[in-house]
Amino acid sequence: MMKTDEKLIIKGKRIDGRKPEDVRKMKMEVGVIPNAEGSALVSFGKTTALASVYGPRPLHPRHLQESDTGLLRYKYDMATFSVDERKRPGPSRREIEISKVSREALEPALFLKKFPRTVVDVFVEILQADGSTRVTAINAASLALADAGVPMRDLVVGLSGGMLDGKIVIDLMGKEDNYCDADIPIAYLPSKKEITLLQMDGRLTPEETKKIVRDVLHASKKVYEKQVEALKKKYSE
Amino acid sequence: MMKTDEKLIIKGKRIDGRKPEDVRKMKMEVGVIPNAEGSALVSFGKTTALASVYGPRPLHPRHLQESDTGLLRYKYDMATFSVDERKRPGPSRREIEISKVSREALEPALFLKKFPRTVVDVFVEILQADGSTRVTAINAASLALADAGVPMRDLVVGLSGGMLDGKIVIDLMGKEDNYCDADIPIAYLPSKKEITLLQMDGRLTPEETKKIVRDVLHASKKVYEKQVEALKKKYSE
Amino acid sequence: MMKTDEKLIIKGKRIDGRKPEDVRKMKMEVGVIPNAEGSALVSFGKTTALASVYGPRPLHPRHLQESDTGLLRYKYDMATFSVDERKRPGPSRREIEISKVSREALEPALFLKKFPRTVVDVFVEILQADGSTRVTAINAASLALADAGVPMRDLVVGLSGGMLDGKIVIDLMGKEDNYCDADIPIAYLPSKKEITLLQMDGRLTPEETKKIVRDVLHASKKVYEKQVEALKKKYSE
Amino acid sequence: MKSNYIIKLLEKNERLDGRKLDEFREITIEKNPIERAEGSARVKMGKTDIIVGVKLELGTPYPDTPDAGVLRTGAEFNPMAHPEFETGPPGEDATEVARVIDRGIRESETIKVEELCIEEGEKVWMVYVDAYPINHDGNLIDAGSLASLVALNSTRMPKLEEDDKINREELKGSLPINHQPITVTVGKVNGKFLVDPTFEEEKVLETKLSIAVTEEDTVVSMQKSGNGPLSDDDVDKMIDVAVKKSKEIRKLISNGKKTTKSKAKANKSGKSKDGS
Amino acid sequence: MKSNYIIKLLEKNERLDGRKLDEFREITIEKNPIERAEGSARVKMGKTDIIVGVKLELGTPYPDTPDAGVLRTGAEFNPMAHPEFETGPPGEDATEVARVIDRGIRESETIKVEELCIEEGEKVWMVYVDAYPINHDGNLIDAGSLASLVALNSTRMPKLEEDDKINREELKGSLPINHQPITVTVGKVNGKFLVDPTFEEEKVLETKLSIAVTEEDTVVSMQKSGNGPLSDDDVDKMIDVAVKKSKEIRKLISNGKKTTKSKAKANKSGKSKDGS
Amino acid sequence: MKSNYIIKLLEKNERLDGRKLDEFREITIEKNPIERAEGSARVKMGKTDIIVGVKLELGTPYPDTPDAGVLRTGAEFNPMAHPEFETGPPGEDATEVARVIDRGIRESETIKVEELCIEEGEKVWMVYVDAYPINHDGNLIDAGSLASLVALNSTRMPKLEEDDKINREELKGSLPINHQPITVTVGKVNGKFLVDPTFEEEKVLETKLSIAVTEEDTVVSMQKSGNGPLSDDDVDKMIDVAVKKSKEIRKLISNGKKTTKSKAKANKSGKSKDGS
């Protein structure tokens, strides 16, 4: 976390005018990639993630197949133009790690045992990055999986929280992410009350940490509702 | 295409003394690599390409085999010392593209369907590069395939044409290639009258473009004759 | 070999106080990696190599298996922090070559034909490099193979010799290696009197070369004894 | 089977989606969908959907053009865009797409690269053009070239601070542009020529010729792709088609609207699957 | 089968090696085993054995922190350390271990990076921390983080000669250190929480939460790993365990002894396989 | 079977192609076949055919030799040269060939690298030596080493313009050369020693020892390859053979003819397959 002299919360408002507990304007659209079995485009402010799902389909080469379960693969990728300085193509160590924990965030929501020898592929492209990209990606992936008709125990909601100028804030944008005291991305199955992704970077007391986790879980309800709305919109058309 | 103040055609002569429609001195020699089933060394002036052919041979790994046809593989590679600034080993994007279009230039000349589950490998090394390397390579590959006894509908002739100081010229050398208005490499099956490779870089009117294509096809007869002569020489020995 | 004005042998003593024919203080410990079937830690002065052996175990993928023999694989790797300037991870050309000649140094000591379709894996990590790393690695590998119970015709002893200020010296340390007139690493099966690795870098007369080889073979007895002692210590515990 | 049906229809000068042989699918152009990029565009041709982003970085010029900026064009076959695309570095088809897009821009001198020199031989602007197919339903070269052109036209220059730090919050003008090349790919099968092939149509084509043409009707680049042969007369016809269609498509980008319908488009029948 | 037995024991709050659920295996710390590195440490937790080496090189700072040194942390799953590890570049598990170790150091501001600037924007010290597992018997993150911390504490600065040559024979003081983060990984299975899992225990865990805590009880990094879920209450409990255990382990490195026994260790029974 | 026959013949001190055990195949040397390289050579030993090209580029010296040019030697097993060679990065055998060629040049101080320094610690000439086997019929190390030596002897220095641009059209003198090392590989099988093995002979050899010897009979490099053992007496004999043969081969390059026949060659019989 870098330091800045700039105040990032002034008179209770964040630099984009939000209150600490506010989530940025969300856009969620399902079924945006005709070739894919499921897809979704999700924005939180200027952070935009596009997800597509292919599968369950037979896994090749066959020696990778598991006879008692299907597998999930998850590829998180940042477009070269999604960030200020052009990102080099090809997976960075950061992208490899995020792909791993994101896959683990989605697996508990799926019934992979019902699809032995298959794979479900989730590809996520970050088109624009302005903070909280991995959780935005998880929302897109969750919708794309639902759109693909992959059976799910629950939708998976992604949302971040943090500490900024001593205040708990929800859904960090890029500049907040750079200068905040802490950043906690979380994935959550709201109706199951299950946390499936949890990371943290920063400097917090144990009690602050626990409080932020709870505040994020609380705020995730709004994201869940937006996901449901997006799915309804697609299927009511 | 770069600009130069230098005149590249003076009194109807090019910098190496050729007339616009002249092809550089060609050397073609067949059967130069004892290990290969077919091989050829071809020079157009200082541009030199060496080609070897292995196959038809069984394709491995087997899952790449096609039950109804043989495959052609073509690897165009520039030797590190073939150009002014040392080329890094390993395939560049340019070499990958040239390998693709060159393979497509040769496929129509072969009866690959007669050799299911096999592969014919063509390896071409550019030993010296002084313009028109990809077409020089195709001449070497054509001769190497014939030398290998791979059945062919026709020889494949490679030749380039372009526009220089407002004149149509044939067989661009390196310096001409750098400063010309346009460069059109072509592969052609002369007796079948089939164009199998066609690329163009530069700035031309549509009519100029069409005219250069025809002039190259016309001039390709000389290259074809040289190929036939090289094969005869080998088999009359 | 670089040049230096510094004298590296003064009054018959080398910079670390050794006589020309002395081997540095050796430490050899067997059975240091619980997961491995065999392992050993070997130091010659500040040069330290750690070896582990897995196998004979079935070789995958299966098409690499040989029906009439087992295979040996040998990976020599230098830790990033083993040398002054951080070594980049991943195999360098030097490490690839050393892995090859070291594998060939060990193969004659093994009865690989008795273990068809299997592989014996030897992994060696150079933890600290102060000259003579490849031969230190071979001593570690030899002990690790013996510790793993892989049947052996003989232990394989690694030791280097060279020429320094006109004197034959045994077991070159890093600074000596940099400035010596020649460096000859050797692997040897003492009771079989078989040289299985032999390399040389430097400037020597043919007679000097032959003499150094013999002197190294002679001195290797001490290394052999140390290997035997380390094995006894492990198995007497 | 579908392939046979496509060919059968073509014999009657008809296409699966009701288009004429020389008719593009509906083209939708979105300028600057990626606010954080220096320039960007999203182009849809029917169901083919591609995003191109432009980034500007500092770099060193090529030794033989010490006073010119550098263009770098990339394209990947994103596995998101088609079930047959795989993860990994670009293969030969993706490499060809990137290089053909690149040549159209480079040979037409779309960018005034000589205005991108900061310090001769030492420091120039690098222009990175990266194409991300989102949905592949054929004709990636034309869609990607068009998106690249629109993205370059929309590109704003970041400010270069005195310490050579790039300030992307202050933009000082547009990327200097010379020309407006449009790439038109003409496919051939059974003696028929058609433009803007869908994915299924591409499978039955014998060969394609991609031709980039500027607003002055100058041909700047050609690329034959696919192993079927062409005659000299074929080439003539394909060039003529490309020149004609390039004019129509160019109008789409010059009319200034953010989203545009191809004027060449005429929905003819309810069977249309790919054009709406 | 062994897995079932492990779970059965856990129901009775027992472990295969006789430890309590919140008990680490014996920890052995060796400072500077690699004389040629600028800093190093070898840490054993039971049979888990890992070596970390620190190298200092010159480099250029990141553009957004022109006056700060740069930390680079690497870890490979050395095939030497476990029969299932394979040669090749780091996979996702090794990458995760490296990045979690990295974040503990980075977020706690262990290193005073601002003191590693030599020339603003141009030249800074790069601190390379490379972890080499020697024997993997579980809990590589905690062992690797602890070894990294000890290695950094033991790191001596090489002298920078006037011509920017690094002289590693003359060392002029220690690497400037701020904080002492300890990472404690808490595993969960069947509603039970346990620390310092062995390799066999890791196989039965539903999920783990790795938490780095400084000497001020500040939480600086968390990483959930594994696809089992957690509740908010679970997270609370795991944080509490980590804060408590981090204090115990920190004593091991602050007491100055080169080799130390974990005070938390209590050998209880002859069945112990992993703790001695 | 052919292998058995080769061994049987060797028992009678005979070889398939009629050569004596210590006899090289006919050696043909072509100087500067690649006009565009700074130096080049093509060497045939019987059917083994290899081209080496030399390029000079600017680079930075190694930190420990700031006033010396840098040698970089590469070799690939070009798939063109043998049906068993595959495309892809160099494997261990190709890496060994490149490194053995490299050591012969480096250790003999063939190149006066100290004369290749342009600005101490900053800028030196890099000498790239790249070997391309064209046809592999055994003994690539000797053929590649000889071709490298001839190529280096034929190398002309490009002119360095004031702006550090390399002008390869004006050449100002030769690469400074000290020594003329010749590498001779001696193979061993069934107690017999032979030189210049063909591909088929290499398959039956137990081991080989490649020895580079200068014009002063100085041994500068040795490399044992293959897993058969040697005794100390074997090494003595192999060194003696190498010293003797190196003198004969050196004559080939010093006599100034562009194409030369090995004086050691004596065509004995019509059965000869590999020697003409």
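Within every chain, numbering begins at 1; the chains are lettered A, B, ... in the order of the sequence lines, protein sequences first and strands thereafter. Every heavy atom of this structure was used, including side-chain atoms; hydrogens, water molecules and symmetry mates were not.
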- Message: Here's a test for you: under salt bridge (Lys or Arg N to Asp or Glu O under 4.0 Å), which of R72(E), R168(E), K165(E) qualifies with E57(E)?
- Response: R168(E)

- Under the 3.5 angstrom rule, does the side chain of Q227(C) hit a backbone N or O of V156(C) as a donor-acceptor pair? yes

- Neighbourhood of chain C inside residues 92-102 of chain E, taking heavy atoms under 4.5 Å as contact: none

- Side chain, backbone, both or neither of R36(E) within contact of chain C (heavy atoms, under 4.5 Å): both

- Would you mind telling me which of R134(C), K100(C), R94(C), R103(C) makes a side chain to side chain donor-acceptor pair (under 3.5 Å) with Y76(C)? R94(C)

- Task: Could you tell me which portion of T87(E) (side chain, backbone, both or neither) has an atom closer than 4.5 angstrom to a non-hydrogen atom of chain C?
- Result: side chain

- Any donor-acceptor N or O pair under 3.5 Å, side chains D137(E), T48(E): no

- Query: Between P89(E) and chain C, which part of the residue has a heavy atom less than 4.5 Å away: side chain, backbone, both or neither?
  - Reply: neither

- Task: Would you mind checking which part of P33(E) comes under 4.5 Å of any heavy atom in chain C, side chain (CB onward), backbone (N, CA, C, O), both or neither?
- Result: backbone

- Distance, nearest 0.5 Å, that separates CD of E162(E) from CG of N167(E): 12.5 Å

- Task: Can you check whether anything in residues 140-154 of chain E gets within less than 4.5 Å of chain C, heavy-atom wise, and list it by number?
- Result: none

- Message: Would you say the ring centers of Y128(E) and F81(C) fall short of 6.0 Å from each other?
- Response: no

- Who among H82(E), K55(E), M80(E) has the most heavy-atom pairs with chain C under 4.5 Å? M80(E)

- Note on the structure: dist L194(E):CG -> E202(E):CD (nearest 0.5 Å) comes out at 10.0 Å

- Under 4.5 Å heavy-atom distance to chain E, tell me which part of P91(C) shows up: side chain, backbone, both or neither. neither

- Side-chain donor-acceptor pair under 3.5 Å between S210(E) and T185(E), yes or no? yes

- Message: Given heavy-atom pairs under 4.5 angstrom as the criterion, report whether the side chain, backbone, both or neither of R57(C) touches chain E.
- Response: side chain

- Item | Part of E85(C) lying under 4.5 Å from any heavy atom of chain E | both

- Task: Output the residues of residues 122-129 of chain C for which the shortest heavy-atom distance to chain E is under 4.5 Å, in residue-number order; output 'none' if no such residue exists.
- Result: F123(C), V124(C), E125(C), L127(C), Q128(C), A129(C)

- Any side-chain donor near an acceptor of the partner, Y235(C) and D147(C), under 3.5 Å: yes

- Query: Which residues pass the ring pair (Phe, Tyr, Trp, His ring centres under 6.0 Å) test with F77(E), sequence neighbours left out?
  - Reply: F85(E)

- Message: Please classify the contact between D121(C) and chain E as side chain, backbone, both or neither, with a heavy-atom cut-off of under 4.5 Å.
- Response: neither

- Note on the structure: Checked A79(C), S82(C), G90(C) vs chain E; the most non-hydrogen pairs under 4.5 Å come from A79(C)

